[in-house]
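One structure below.
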Amino acid sequence: MKFSRVAFVAADNDAAQCALDSLRHRYGCSTPEDAEIIVALGGDGFMLETLHRHIDRHLPIYGMNRGTVGFLLNVYNEDHLMERLTRAEAVKLHPLVMRTRTVDGQTHEALAINEVSLLRETRQAAKIRIRVDGRVRLEELICDGVLVATPAGSTAYNLSAHGPIIPMGAGVLALTSISAFRPRRWRGALLTHTAKVSFEILENEKRPVSAVADYTEVRDVTSVEIYEDRSAYLTLLFDPEHNLEERILAEQFMP
């Protein structure tokens, strides 16, 4: 697909801002509101921000790494950019919905592209009851936290917590414990992408827990529901020789 209206957006760091000036001078620039495609310059965190900011518009987003890890981004190169955009391969992602209720009775909703994490707020471990599709699967998990990750997010916090790496087309979500104390050997489970996961925070006043959807945090939650929203989607573009599915596969063979 050929694009004639390209918007460039960049993180605040010097490398990204320098790239932004150079690319705008070389290729011109539309506003994000008028563009057919957005080119994001920064790291994975900025890429997530860009995806969240434009999730309702379904614009394809092509990232180039001007940050650190850059797992969700392509290699930075100013040359032949329009040709790269034309031959880039699309990956469609469906976000997770996080619905929470807090101790004061308020409800909140947020979307997550990588993962939803529940984390203890104090020195005391959290106590969490886990339901999958309405059925209690774990009566009491004593832990630092627990998370639900998408395939795209399975190589991020989920992997650091010793969760499984999930191929893009697997149709599953990772349910991963974070430093579980009881059951000591329980690390998590793989769930179908249609599963609805519910967490009930036990002893919530004594052991407060926060819930985080990517970078949206809700503190002092009493319950959290998570499910994949198939009606919402985001489109990421990758160079064919280094697409997201290949990166996720390669991560499983890293020493």
Side-chain angles (χ1 to χ4, degrees), residues 44-45 48-49 52 94-166 170-230 232:
D44 285 332
L48 283 175
E49 290 180 21
H52 277 278
H94 297 284
L96 299 174
V97 175
M98 176 185 80
R99 288 180 175 166
T100 66
R101 181 176 292 276
T102 58
V103 293
D104 59 4
Q106 295 188 50
T107 58
H108 302 268
E109 185 172 304
L111 296 178
I113 297 164
N114 271 0
E115 77 280 317
V116 174
S117 309
L118 276 66
L119 305 166
R120 68 174 183 169
E121 295 179 9
T122 67
R123 61 181 177 80
Q124 289 192 298
K127 285 187 177 182
I128 302 172
R129 180 172 295 137
I130 301 176
R131 291 181 174 87
V132 179
D133 294 328
R135 180 177 176 182
V136 174
R137 290 293 182 177
L138 201 54
E139 188 66 36
E140 183 179 273
L141 173 65
I142 304 175
C143 58
D144 281 353
V146 63
L147 63 85
V148 178
T150 66
S154 67
T155 60
Y157 190 14
N158 173 71
L159 182 58
S160 298
H162 306 291
I165 296 175
I166 304 172
V172 297
L173 303 172
L175 172 61
T176 301
S177 65
I178 303 171
S179 300
F181 180 68
R182 290 284 189 275
R184 190 176 295 275
R185 296 182 181 179
W186 190 81
R187 288 193 172 182
L190 287 173
L191 309 174
T192 66
H193 69 89
T194 59
K196 289 188 177 182
V197 186
S198 300
F199 300 107
E200 179 184 351
I201 312 307
L202 308 177
E203 301 178 25
N204 56 73
E205 292 186 1
K206 180 181 178 182
R207 303 169 184 269
V209 168
S210 65
V212 184
D214 285 347
Y215 53 79
T216 300
E217 181 179 17
V218 181
R219 297 183 68 81
D220 301 329
V221 297
T222 58
S223 63
V224 180
E225 182 182 74
I226 302 165
Y227 62 92
E228 185 182 77
D229 186 354
R230 300 296 294 181

Next on the checklist: Walk me through whether Val116 and Val212 qualify under side-chain contact (heavy atoms from CB on, under 4.5 Å).
Outcome noted: CA-CA 5 Å; Val116 174; Val212 184; over 6 Å; no

Next on the checklist: Counting neighbours of CZ on Arg230 that are heavy atoms of other residues, nucleotides or ligands and sit closer than 6.0 Å, is the number greater than 12?
Outcome noted: yes

For residues 172-185, run the donor-acceptor check on the side chains, cut-off 3.5 Å, and write out each pair with its distance to 0.1 Å, sequence neighbours left out.
unit_1 : atom_1 : unit_2 : atom_2 : d
Thr176 : OG1    : Asn158 : OD1    : 2.6
Ser177 : OG     : Trp186 : O      : 3.0
Ser177 : OG     : Arg187 : O      : 3.3

Next on the checklist: Let me confirm one number: the CZ-OG1 distance from Arg101 to Thr107, rounded to the nearest 0.5 Å.
Outcome noted: 6.0 Å

Checklist entry - Passes side-chain contact (heavy atoms from CB on, under 4.5 Å), Glu115 versus Leu96? Steps please. => result CA-CA 7 Å; Glu115 77 280 317; Leu96 299 174; 5.6 Å; no

Item to check | Exam field: side chain Asp133 to backbone Lys196, donor-acceptor pair closer than 3.5 Å | outcome: yes

Checklist entry - When rounded to the nearest 0.5 angstrom, what distance separates CD in Glu200 from CD1 in Ile130? => result 11.5 Å

Item to check | Euclidean distance, Met98 CE relative to Glu217 CD, rounded to 0.5 Å | outcome: 9.0 Å

Item to check | Stepwise side-chain contact (heavy atoms from CB on, under 4.5 Å) check, Thr216 with His52 | outcome: CA-CA 11 Å; Thr216 300; His52 277 278; 6.0 Å; no

Checklist outcome for this item: Distance col, row Ile128:CD1 vs Leu118:CG, nearest 0.5 angstrom, shows 5.0 Å

Checklist entry - Looking only at heavy atoms, which two atoms of Val221 and Val218 are closest? And how far apart? => result CG1-O, 3.6 Å

Item to check | Residue pairs passing the side-chain hydrogen bond (donor to acceptor under 3.5 Å, both in side chains) test where at least one lies in residues 147-156, sequence neighbours excluded | outcome: none

Checklist entry - Would you say the side chains of His94 and Glu228 form a donor-acceptor pair under 3.5 Å? => result no

Checklist entry - Is a donor on one side and an acceptor on the other found under 3.5 Å between the side chain of Glu121 and the backbone of Asp220? => result yes

Checklist entry - Do Val224 and Val209 come within less than 4.5 Å of each other through their side chains, counting heavy atoms only? => result no

Checklist entry - Under the criterion side chain to side chain contact (heavy atoms under 4.5 Å, CB included), which of Thr102, Thr100, Leu202, Val103 is the partner of Thr222? => result Val103

Checklist entry - Any donor and acceptor pair, going by atom type alone, linking the side chain of Ser117 with main-chain N or O of Leu147 inside 3.5 Å? => result no

Next on the checklist: Taking Arg129 first and then Glu140, would you say they form a salt bridge - that is, a charged N and a carboxylate O separated by under 4.0 Å?
Outcome noted: no

Checklist entry - Is the backbone of Ala125 close enough, under 3.5 Å, to the side chain of Arg207 for a donor and an acceptor to pair up by distance? => result yes

Checklist entry - Does the side chain of Ile226 reach to within under 4.5 Å of the side chain of Phe199, using non-hydrogen atoms? => result yes

Checklist entry - Has the side chain of Asp214 got a donor or acceptor atom that lies under 3.5 Å from a matching backbone atom of Ile113? => result yes

Item to check | Gap separating the CD atom of Gln106 from the NE2 atom of His108, nearest 0.5 angstrom | outcome: 4.5 Å

Next on the checklist: Would Ile166 and Leu190 count as a side-chain contact (heavy atoms from CB on, under 4.5 Å) here? Give the steps.
Outcome noted: CA-CA 9 Å; Ile166 304 172; Leu190 287 173; 4.2 Å; yes

Checklist outcome for this item: Between the CG atom in Leu119 and the CZ atom in Arg219, the distance rounded to the nearest 0.5 Å is 9.5 Å

